[in-house]
Amino acid sequence: MRFSQMFIPTLREAPADAEAISHILMLRAGYVRQLAAGLYISLPLCTRVMEKINRILREEMNAIGGQEITMPVLHPAEIWQQTGRWDTIGDEMFRLKDRGGRDMCLGMTHEEIMTWLASREIRSYRDLPQVWYQIQTKLRDEARPKSGILRTREFLMKDSYSFDVSDEALGRNYQLHADAYHRIFKRCGLEYMQVESDPGMMGGAMSHEFMAPSPSGEDDVAVCGNCGYAANVELADSVPMKIEIKDWEFEEIHTPEKRTVQEVSNFLKLSPSYFIKSILVISGNDPVLALVRGDQELHEQKLSRLIGDHRPAQKAELKEILGVEAGFIGPMGHKIRIVADNCLKDGLYVSGANKPHYHVKGVKAGRDFTPEWHDLHVASSGDSCVKCGGSLTIERVIEIGNIFKLGTKYSVALKAYFLDEKGQDMPVVMGSYGIGPARIAAAAIEQNHDKDGIIWPGSIAPFDIEILPLNMKDEKTVETAEKLYRDLTDAGIEVLMDDRDERAGVKFKDADLIGIPTQVVIGAKNLKEGLIEIKNRRTKETQKVKVDEAVTSLNPDVA
RNA sequence: CGGGGCGUAGCGCAGCUUGGUAGCGCGUACGGUUCGGGACCGUAAGGUCGAAGGUUCGAAUCCUUUCGCCCCGACCA
């Protein structure tokens with residue numbers, strides 16, 4: 001492809017409303033343009049990258065027996081009503097009516113439609129297993145689109161669905177997908193990890209996420225450096241840092257106007273880890289007192305899994321239920337349900353005294369209060385691994401893929417049953433598996449760039465090689481470039497040739513921005529000695545090569 | 001949805017406090033000189049100042065409403 005014939009609108013300056021590196025570079029290098037919040041136009045270069053990624057996805061999905069199909073993006077409401085998600089999903093679903101007044105929605109995912117198809121077509125255990133996938137547009141009315149291409153309202157997703165006769169069979173397909181995902185992300189040149197994740201509202205039994213470390217990510221994972229335990233902090237278990245057990249008498253301390261853990265901690269010159277943080281929440285109509293150590297954050301999702309939906313208590317409720325104002329709550333002497341983080345089992349602590357402007361020192365679990373024990377804290381750096389005791393670190397990541405064991409939730413709701421060998425009607429056992437190709441591209445940029453621009457991993461770069469004839473008015477340069485362009489193209493290499501009549505500097509700058517892994521620089525001076533330069537975009541290392549040996553040195557199959 | 005910020009030429013910005021009819025850099029077009037890391041000189045085109053309403057002799061500037069975009073948080077099947 002010739003640069004002059006390709007639409008590559010590079011920008012000298014980054015538009016002001018871009019923040020994430022991948023967003024800035026995709027705009028500057030002429031890969032995308034924004035249409036509206038969370039809606040992006042993919043320009044020619046980006047489209048090539050997406051095709052590269054999608055090809056890898058197809059190859060690996062086909063390799064595990066996936067069959068590509070294409071589902072509509074516009075869905076009738078009824079199917080979503082049958083699984084209940086029409087009502088549970090809310091504003092994130094784009095809804096509309098057709099001319100006949102029928103409720104419709106735009107697909108944010110395809111469990112329902114895939115299951116609908118299975119329910120009509122799968123009759124016998126002999127029809128199973130099936131793995132169907134598509135690379136299809138999803139639409140979600142995101143509360144907050146952000147970070148350029150990372151969180152958009154319309155995006156491509158590779159989503160596959162497995163249909164099996166049993167949990168064991170599902171387990172096999174689940175593992176096949178996990179293996180395929182590892183191959184996919186490796187081939188795409190990403191640094192990534194597989195972590196345990198919360199099946200959440202997908203209603204499944206087990207799920208994992210594939211995460212690419214990047215400061216632009218939106219999730220945090222806890223990773224054990226020793227045994228490899230890795231989990232989304234949404235569910236990560238951890239053992240908090242141990243504290244030295246104090247030998248305190250039970251005593252009341254006057255703490256005037258000191259309400260927060262931080263304030264009392266400063267006042268008493270005592271680390272926050274010696275405090276009990278007491279948080280009153282209302283679950284349904286019942287108050288629940290949740291306790292974590294002073295240096296911890298209460299984990300809302302863990303609490304939800306324990307006590308169900310809840311909300312923080314209001315000030316008035318707090319006073320009414322506990323008889324004391326916020327800031328001086330302690331776990332002692334209350335009749336309500338109390339749940340506490342495991343780490344409070346041992347040791348003596350400071351907590352509110354249940355009377356204004358007083359705290360107590362020497363509070364002991366089992367003696368002064370008897371809670372239900374659970375893991376209720378947010379894992380943080382420095383905590384210990386629950387599996388091996390190793391040290392946990394927290395990393396910011398971009399979610400690039402996920403796999404779910406769905407079980408029979410959707411098949412039961414949509415009556416996707418089959419007859420087993422005994423002639424019994426059984427619900428199909430399902431899994432669902434997603435990958436966001438645009439997120440792969442964005443993560444690749446986040447992980448591979450420098451001050452000058454993008455550095456694509458070769459497998460997903462828009463081109464393999466960019467040829468830079470530095471002076472288009474020099475006959476020898478042009479002649480050499482044209483021949484090399486033909487020879488490389490004939491050798492099956494994807495080449496972009498910057499044939500624009502631009503100054504050398506402009507070509508260098510644009511080439512670095514665009515990020516094609518290998519640059520071939522053709523300049524008059526070197527040409528006099530019969531040489532051209534091969535430059536590695538990542539290392540900036542340059543190697544001078546004889547013109548007639550160029551194709552050989554550049555062709556990885558030969559070299 | 002809560003909090004914050006920003007909308008002025010294709011892009012980046014100034015002008016707004018203290019109203020007087022819009023400017024700078026880059027880019028674009030044309031001419032010339034240049035030609036290995038975003039060249040230089042000259043000429044030119046390009047803006048209903050996000051939109052609507054109001055105040056005023058006069059509004060980019062003051063007031064009201066509204067739309068859009070970004071960031072933080074909540075949410076994220």
Side-chain angles (χ1 to χ4, degrees), chain A residues 9-20 23-24 27-30 33-40 80 83-93 105 107-112 115 138-148 150-153 155 157 159 197-204 207 209 216-219 232 234 300-301 304 311-312 399 402 404 406 409-410 413 432-434 436 451-453 468-474 477 498 500-514 519-528 531-533 535 540 542 544:
Chain A
T10 59
L11 259 24
R12 192 180 283 242
E13 286 171 292
D17 51 10
E19 188 100 342
H23 188 197
I24 291 172
L27 286 168
R28 283 198 57 207
R33 286 296 182 262
Q34 182 173 15
L35 175 66
L39 297 174
Y40 284 83
W80 285 82
T83 59
R85 286 163 116 193
W86 178 263
D87 298 311
T88 54
I89 283 178
D91 289 339
E92 212 166 311
M93 182 186 272
C105 65
M108 44 195 309
T109 178
H110 281 81
E111 279 80 13
E112 274 77 0
T115 313
K138 308 288 185 229
L139 292 124
R140 297 182 186 175
D141 196 357
E142 288 287 348
R144 181 147 101 85
K146 57 182 282 200
S147 306
L150 276 178
R151 188 167 204 78
T152 53
R153 293 191 290 179
F155 58 96
M157 183 157 126
D159 48 326
S197 74
D198 182 4
M201 303 267 294
M202 287 291 282
S207 67
E209 289 165 326
S216 293
E218 300 180 86
D219 284 284
N232 195 313
E234 285 174 3
E300 293 292 340
Q301 284 142 305
S304 291
R311 59 172 175 82
E399 181 187 348
N402 53 43
F404 289 94
L406 297 175
K409 173 177 168 166
Y410 295 92
S432 95
Y433 318 87
K451 63 171 176 31
D452 295 316
L468 306 181
L470 295 185
N471 184 353
M472 293 302 287
K473 292 196 175 71
D474 181 70
T477 299
D498 194 344
R500 295 173 301 169
D501 187 13
E502 285 286 354
R503 299 169 63 85
V506 173
K507 295 192 180 189
F508 284 130
K509 288 289 182 191
D510 277 346
D512 287 350
L513 244 191
I514 290 165
Q519 300 171 4
V520 177
V521 181
I522 301 179
K525 278 174 211 157
N526 281 318
L527 226 41
K528 280 196 184 109
L531 297 173
I532 59 166
E533 291 167 44
K535 185 168 161 190
K540 307 245 163 159
T542 296
K544 290 190 187 178

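When reading the values below, keep in mind they use all heavy atoms of this one structure, side chains included, and skip hydrogens, waters and symmetry mates. Every chain is numbered from 1, with letters handed out A, B, ... down the list of sequences. These numbers were taken from a predicted model, which means no experiment stands behind them.
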Which residues pass the side chain to side chain contact (heavy atoms under 4.5 Å, CB included) test with [X], sequence neighbours left out?
{"X": "A/Ser147", "answer": "A/Ala20, A/Leu150"}
{"X": "A/Leu39", "answer": "A/Leu35, A/Ala36, A/Arg153, A/Glu154"}
{"X": "A/Glu502", "answer": "A/Arg500, A/Val506, A/Lys507"}
{"X": "A/Asp501", "answer": "A/Met472, A/Lys473"}

Task: Heavy-atom donor-acceptor pair, A/Asn471 side-chain to B/G36 base, under 3.5 Å - done: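 It does not, because no donor-acceptor pair links the side chain of A/Asn471 to the base of B/G36 below 3.5 Å.
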Task: Nearest to side-chain heavy atoms of A/Ala37, which nucleotide of B/C70, B/A74, B/G36 - done: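 Out of B/C70, B/A74, B/G36, the nucleotide with an atom closest to A/Ala37's side chain is B/C70.
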Open item on the list: On the nucleotide B/G38, are OP1 or OP2 found under 4.0 Å from the side-chain N or O atoms that A/Arg503 carries?
Closed with: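 It does not, given that no N or O in the side chain of A/Arg503 lies less than 4.0 Å from OP1 or OP2 of B/G38.
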Under 4.0 Å, heavy atoms only, any strand: does [X] hit a base, just the sugar-phosphate, or nothing?
{"X": "A/Glu218", "value": "nothing"}
{"X": "A/Ala36", "value": "sugar-phosphate"}
{"X": "A/Ala143", "value": "base"}
{"X": "A/Lys507", "value": "nothing"}

TODO: Mind checking salt bridge (Lys or Arg N to Asp or Glu O under 4.0 Å) for A/Glu218 and listing every partner two or more places apart, or none if nothing turns up?
DONE: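 In terms of salt bridge (Lys or Arg N to Asp or Glu O under 4.0 Å), with neighbours along the sequence ignored, A/Glu218 is linked to A/Lys146, A/Arg151, A/Arg439.
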TODO: Spell out protein contact along nucleotides 25-33 of chain B as letters: B when the base is contacted, S when just the sugar-phosphate is, - when no protein heavy atom is under 4.0 Å; keep the 5' to 3' order.
DONE: BSS------
Task: Euclidean distance for P, B/C63 against B/G73 (whole angstrom) - done: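 Pairwise P distance, B/C63 against B/G73, rounds to 31 Å.
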TODO: Select from A/Arg28 and A/Ser147 the residue whose nearest nucleotide in RNA chain B is closer to the 5' end of that strand.
DONE: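 First, find each residue's nearest nucleotide; the 5'-ward one identifies A/Arg28.
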Task: Under 3.5 Å on both distances, the Watson-Crick or G-U partner of B/U61 - done: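 Answer to the pairing question: none, since B/U61 forms no Watson-Crick or G-U pair.
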Task: G-U wobble or Watson-Crick pairing nucleotide for B/G7 (cut-off 3.5 Å, both distances) - done: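 The base-pairing partner of B/G7, which may sit in any strand shown, is B/C67.
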